[in-house]
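Remember, it's a predicted structure, so these values are computed and weren't measured experimentally.
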Amino acid sequence: ELRVKVQDKFIRVKHAQDSVGGVPVQQDTYQAESLKQGRTGQQLEQVENEAFDPIIEGMKDRGITLSEIGDYLYAKHAPEANRAADAINHPNLNIPGSRDLRGRGSGMSDAEAAQIIADITAAGRLADFEAIESLVRPLIDETREYLVASGLLSREAADAWAAKFDFYVPLRGFADTVMEEELYGRGMGSDTRAAASKQRFGRLSKADNPLVYVMMQAELAIVRGENNKVGNTFLRFVQANPDPRRWKIEPIPTKKAIDPRTGLVTEVPDNSWRHKDDVFITRVGGKPIAIQLQGNEGKQLARALRSMEAARFNVVMRLAQATTTMMARLSTQLNPEFIITNLERDVGEAFINLQAQDQRRFVSQFSKHLIPAMKGSFDALRGAPGGAYAQAFREFDADGGRIRFYGLDNHEDVKANIDKKMRQLEGGLVNGVRGAGEAAVHGMEIVTGALENATRLAAYMAARDVGMPRSKAAM
C-alpha cells in the first residue's frame, strides 16, 4: 500500500495483468501508461515547435499583437457562429430562462465583426492577418484529426464539425460560467468521461482570445488522446480476459429528458455513471464505454486508472507542479550522478526481460551502441539532422522512452508564453541578457540529457536488435 501511495500508483494494474499470466503488448496497460508521459511530452514539444512558434514569429514579423489577431479570428467566425446559435435557440422568448441571442450568440454581433475586418482592410493589413490565419487553420484541422485518431471523436462528428463552419475558432473563456476546458475531463487521468466536443447554445458575453484557446485545444487533445489510448489498452485487456467476478463492460445508461431547444422528450446519457468510484470510462470511435470493476479491488483499480493526471490546475497545484518539476529535473537532467544509476536501471531492466540466449547478444550490442548513441542523442536534442543514431533517438522519443516533464497550461499561461516569446524576438540588452541565461540552462540540459538518454537509447537499440518490440524496448 505504501508503494501504491508513494512510488507507483499504477502497480495495481500490473498486479491485475500478472494475475492472468501476463499479457501481450496490445493489452499491456501498465507499459502503455509508463510510456505515456514520454509520448505526451514529445508531442507537446513538437506542436509548440512546429505550430505555435511559427505563428508567434509571424505575428512579430508583421507587427500583429495577440489582441489584434484574436479579434480578427473572432470576427471571421462570429457571423456563422451567430447563425448557428440562432438556429438552435428556441424562438419563443417567453419560455422561462430564454435569452435573446438573435444575431449575437457568439458574443460578437455581425456589425461588430464587420467593423473589425473593415478597419484591418482600411489600414492595408488584411494580407498580414490572412497570412497568420493560414498558419492557424491547419492547427485547428490537425487537432480535430488527432481527436479522431485517438478515439475521442467519431469520424462522423469530426466531419460534421468541419462542415458546419468555414472559419471555426473555439469561443471559450465564458464570463458567466465555468470555462469549457475544465469540463473536458482534465484531472480525470485516463478516464475520458467528458465529451471531446461540446454543443454550443450561444452566449451574450464576449469570449476570450480565440488563438489562445486554439493552442490550448491542441495541447488538451494530445493529453486526453494519450490518456484515451491507455484506456483503450485496458479495454482490450478486459475483453481478452473476461471475468464477471472482477470486471465487465456495461452500456452507458440513458434517461428521458426534455430538450430545452425543442420542448420534446429525448434520450440523454444518465450523468450519474460519471461519479461512480468503481467505473472506468474510455472512448472508442467517440463513444464512451464503461468498464465496471467489481469489489474493493475493483474500486482500487478504477482509482489507479483514473489518477494518472489527477491534478486540478488551481493556483496552489500549479505552484506545486512547478516546484516538483524543477526538483525532478535537478535530480535527473541536471544531476550527473543520476546518469550512473540510470545506466544501471536501463540496462538491468532490458537484460532481465530477455531470454538467456538473447542476453549475451544484448550486452554485446549495447556496448557497440553506447558511444555512437551519445552523439546521436546530442544531435537530436540540439535539433541537428544527425545520422542513424539521431534518427533512432527520434523513434525512441516518439515511443515514449525519453524522460520528460510536462503540464497543461491555462489560458493565462498561454498568453504569458506568447508575450514572452514576442519580447524575446524584439532583441535589446535586457532580452539579450535574459536570453543568454536561458540559452546556458538549455545548453546544460542538452548535454546532460544527451548523456542520460544515450544509455537509454543504447539499451533501446540493443533490445531492438535482439527482437524486442519497440514499445517494450522503450521501457
Could you report the tightest heavy-atom contact between [X] and [Y], atom names first, then the distance?
X: Pro210; Y: Leu171; result: CG-CD2, 4.4 Å
X: Glu48; Y: Pro54; result: O-CD, 4.5 Å
X: Val25; Y: Pro469; result: CG2-CG, 4.2 Å
X: Ala221; Y: Thr143; result: CB-CG2, 3.7 Å
X: Tyr146; Y: Gly225; result: CE2-CA, 3.8 Å

Examine the side chains of [X] and [Y] and answer whether a donor and an acceptor come within less than 3.5 Å of each other.
X: Asn232; Y: Thr282; value: yes
X: Asp399; Y: Tyr460; value: yes
X: Ser19; Y: Arg246; value: yes
X: Gln26; Y: Arg236; value: no
X: Asp278; Y: Gln294; value: no
X: Glu133; Y: Tyr72; value: yes

Donor-acceptor contact present, side-chain [X] to main-chain [Y], <3.5 Å:
X: Arg361; Y: Asp465; answer: yes
X: Asn228; Y: Arg283; answer: yes
X: Arg456; Y: Gly401; answer: yes
X: Arg306; Y: Val279; answer: yes
X: Trp247; Y: Asn241; answer: yes

Walk me through it: do Thr233 and Gln27 pass the test side-chain hydrogen bond (donor to acceptor under 3.5 Å, both in side chains)?
CA-CA 5 Å; Thr233 304; Gln27 301 166 25; over 6 Å; no
Evaluate the side-chain proximity of [Y] to [X]: yes if any heavy-atom separation is below 4.5 Å, no if none is.
X: Leu293; Y: Leu305; result: yes
X: Val169; Y: Tyr74; result: no
X: Met59; Y: Leu211; result: yes

Is any side-chain N of the basic residue among Asp28 and Lys472 closer than 4.0 Å to the acidic one's carboxylate O?
yes
Salt bridge Glu226-Lys229, side-chain N to carboxylate O under 4.0 Å
yes
Students often mix this up, so state it plainly: with edges at 30° and 60°, are the rings of Tyr168 and Phe165 parallel, tilted or perpendicular?
parallel
